[in-house]
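Being a predicted model, the structure only gives us computed values, none of them experimental. Here is how names work: the chains are called A, B, and so on, in the same order as the sequence lines, proteins then strands, and each is numbered from 1.
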Amino acid sequence: MTETPTHDAARYDFHAIEERWLPVWEERQPFRSGRPDDDRPTKYVLDMFPYPSGDLHMGHAEAYALGDVIARHWVQKGFNVLHPIGWDSFGLPAENAAIKRGVDPAGWTEDNIAQQVSSMKRYACSFDWDRVLMTHRPDYYRWNQWIFTRMFERGLAYRKHSNVNWCPKDQTVLANEQVVGGLCERCDTPVTKKKLNQWYFKVTEYADELLDGLETLRGSWPDKVIAMQRNWIGRSSGADVAFEIEGRDEPITIYTTRPDTLHGATFMVVAADSDLAAELAEGADEATQAEFATYVEKVKGENEIDRLATDREKTGVFLQRYGINPVNGERLPIWASDYVLADYGHGAIMAVPAHDQRDLDFARAMDLPVRVVLDCTDENGQAYGDPAETGIAAAGDGTLVNSGSLNGMAKAEAIAAITEELSAAGTGDAATNYRLRDWLISRQRYWGTPIPIVHCEACGEVPVPDDQLPVQLPAAEGLDLKPKGQSPLAAATDWVNTTCPSCGGAALRDTDTMDTFVDSSWYFLRYLDPAKADGPFDVLDAKRWAPVDQYVGGVTHAILHLLYSRFFTKALRDMGMLDFDEPFSALLNQGMVQMDGSAMSKSRGNLVRLSEQLDEFGVDAVRLTMAFAGPPEDDIDWADVSPAGSAKFLARAWRLARDVESEPGVDPATGDQALRAVTHRTLHDSQELVEGFKFNVVVARTMELVNATRKVIDSGAGASDPAVREAAEVVSILLSLFAPYAAEDMWAMLGHEDVALATYPAVEESLLVEETVTCIVQVKGKVRGRLEVPPGISEDELRELALASDGAKRAIGDAGIRTVIVRAPKLVNIVTA
RNA sequence: GCCCCGGUAGCCCAACUGGCAGAGGCACGCGGCUCAAACCCGCGGUGUUGUGGGUUCGAAUCCCACCCGGGGUACCA
């Protein structure tokens, strides 16, 4: 034993207990995961890794408290648990801090990490400290570059011109998730669009699998996250239809989910900011061209706030061009408008105002004709009025009219029929579309992974050969990191100017860095061997540990991070490096910690400082409060919970161990049977409660056990009863999931060491069997009496007992008995006539 | 607007998935300990289970409609 705690301490002193055990754990490292010769079954429990954002806050405290419960539980259950931690250490926080203070982001980052490590250790996180990784280190981001190169070779990484989110103030591209309500998350400037040549990962290649794979996660992932991913991918099915264009050689293909309404098309619309619109406008008269140019200017200048406004007036320009409806030969005027998106489908639509609300709004604004082709009713069976009059598009189901060969068909039937007709005629085909776009990974920033591409005039885009990786970031010193529309790396001329790996001629490095979501897309694989020098991870390690059995983190990452990790997993699988399809077998989203009903923030003045809570109530009480507050996925309002109450309970539990008078190893069989029954019932139930994430209930049940034990010590058999020792040991083991310091101290007072590694005690089934059960006797559903019966009583016996009972007889009176429902042994319901 | 999730005691929350509405905690009150208090110990729990209907012998639980709260999403043809 490293150190013997002072067992004669009369009072629970959490400060002293923390100081006593922290150095002991530091030396013993109880959570080093097993090395290759460890043959216990494995569990991989993973907390989403943090940004190195200074000290821990209440949100971290909740997340790590909950992840710890799970990891510690599996250790006690005899599993070889991998529970690692690392830092998502590239990205905005460090870069902003570096700009603000004029320091090197690397130094700032590593200082913060050091501070967080010591905070996490104090917080008693059960991490394996041998496996720490930091994504800003070259030995990590080297493998981002390596994977990027593999993606590039397979056509999964490519460069294209596209309209991207642009913050005019910060002069930088923004990821979708950095645009909050149309504003830049950093400076609240309205975001605009800008056309840039950027790198993308082809996530859409896996759209179907990413969608269908969600079904395999049902039950193990929160329904909410599955729904969000489903919506984000947004698969829709319909048809592509080719419309001949007057004065143009090529037809225009449109995508529609409602080919059944083809006869109701009265005009066409192309996205105002698309190349197609510009080309069509060129063929028009000068006045139209001018009008179009003005309109496009206006659209491009619009920010996201304007675009997101509800009840927005429809606007557009008639291009003086016409398309031909392939089913009836009608001439359809072609308009350009911003309500059609350039990067969805083909950037062009057929407009059916009678049956599409957006088209109807446009038709009414521009005074275009409306033709009903589906005689239909809404969900409540109400007939629609004339859409042109009511302004409400008839979006329901019904019978086709005014539609030639489709007349009389129902919607679904008509969709199938027309798709076949178009296909036979060569003017269309069934088609699928997705809301999901490819992932823009270029960032005009310094603090990220350099994109390992060299641009050569002769050879084009040439990946840096594997043996020249990593492409290291140039030193920050001397570079201006302020956003200015171009990556700061462009100014590092010595770095930018290089030779082409292919032809040896002069060439330039790509100056953008990768989105930090690249780092987090595969980090769970790097933990398997964070120092591995000849590959990102070992295939055999992956077979042994991965996928992650239990992932724990905030719902903030419900879409992007989880989607990207899923994409990486599938891509790496197709490269032959993984043999599974999904990275995270189970997911637990913890809620947020709030104060007085809203998110904590300095400006709101409701910030609760973790360090102050820890000083006042202790690590254990804070952790316990997090677990006890309610279901993990619910938000916690710190004003509603009581760390003081938790501390009080811990003191009460701790005193049990202090009071125990029997020796270690004493046989509990001779002890108080009623207490033993509570102990083993608690032990039995706690396992499934923990595994079902009902941590708050486990704590409540542990409180019951503490209360029952206290009672036996004070007014029953007394502190020397062996059952009291057994109960105190079980309390210590269960409590170690939530309050490791108190539990360790108790465990030591009880004569043991390393409660974290204590084996979960076997449940004695015989103690779970109750001698009698209370049976409820109801008459017409109302409780009229109770019977104490043996649990194995037969239905017939119980029926007789119930009918003979006083309460039942009284309630029945002279009424006849219609039927008797017996649910032995707990309930009898007598139904009278 | 659409899609999720939730609504149980003053508050945070349980309730084996259809079977006595109450496990645990907070707060509050009373009693014990104390010269007194804190700590500690003990005792104290009926409320339209958000509302209205339905299914059932029986509904917090299942179904329908609505109300309230939270979250996601937003012209995706």
What one-letter contact string describes nucleotides 7-17 of chain B from 5' to 3', where B marks a base within less than 4.0 Å of any protein heavy atom, S marks contact via sugar-phosphate atoms alone, and - marks no contact? ----SSSSSB-
When you look for runs of 3 or more Watson-Crick or G-U pairs in a row, both distances below 3.5 Å, which of them include RNA chain B?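 Ordered by first number, the stems with RNA chain B (at least 3 consecutive pairs each) read B:1-7 with B:67-73, B:10-12 with B:24-26, B:28-32 with B:40-44, B:50-54 with B:62-66.
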Side chain of [X]: nearest nucleotide among [options]?
X       : options                : value
N829(A) : G71(B), G19(B), C20(B) : G19(B)
R655(A) : U73(B), C20(B), C41(B) : C41(B)
D338(A) : G19(B), C75(B), C41(B) : C75(B)
I821(A) : G19(B), C40(B), A23(B) : G19(B)
N231(A) : G24(B), C3(B), C20(B)  : C3(B)

How long is the line joining CG of L827(A) and P of A59(B), in whole Å?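 The distance from CG of L827(A) to P of A59(B) comes to 12 Å, rounded to the nearest Å.
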Measure from CZ on F738(A) to C1' on G25(B) and round the result to the nearest Å.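 In whole Å, G25(B) C1' and F738(A) CZ are 14 Å from each other.
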Taking atom types as they are modelled, would you say the side chain of R230(A) forms a donor-acceptor pair with the base of C3(B) within the 3.5 Å cutoff?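 Flag unset: no donor-acceptor pair detected.
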If you take atom types as modelled and just measure distance, does the side chain of Q357(A) reach the base of G1(B) with a donor-acceptor pair under 3.5 Å?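 Side chain to base: no pair below 3.5 Å.
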Residue met sooner reading RNA chain B from 5', once V555(A) and A651(A) are mapped to nucleotides: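 With V555(A) and A651(A) compared, the 5'-side residue is A651(A).
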Please compare Y339(A) and K224(A) by the position of their nearest nucleotide in RNA chain B and report the one closer to 5'.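 On the 5' side of the pair lies K224(A).
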Does OP1 or OP2 of C41(B) have a side-chain N or O of K711(A) closer than 4.0 Å?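 No, K711(A) has no side-chain N/O under 4.0 Å of OP1/OP2 on C41(B).
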Only counting residues at least two apart or in another chain, list the ones meeting salt bridge (Lys or Arg N to Asp or Glu O under 4.0 Å) with D359(A).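 Applying salt bridge (Lys or Arg N to Asp or Glu O under 4.0 Å) to D359(A) gives none.
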With sugar-phosphate meaning primed atoms plus P, OP1 and OP2, does E633(A) contact a base, only sugar-phosphate, or nothing at under 4.0 Å between heavy atoms?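 Here E633(A) touches no strand at all.
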Classify R437(A) by what it touches in the nucleic acid, base, sugar-phosphate, or nothing, heavy-atom distance under 4.0 Å.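 Base contact - R437(A) has a heavy atom under 4.0 Å of at least one base atom.
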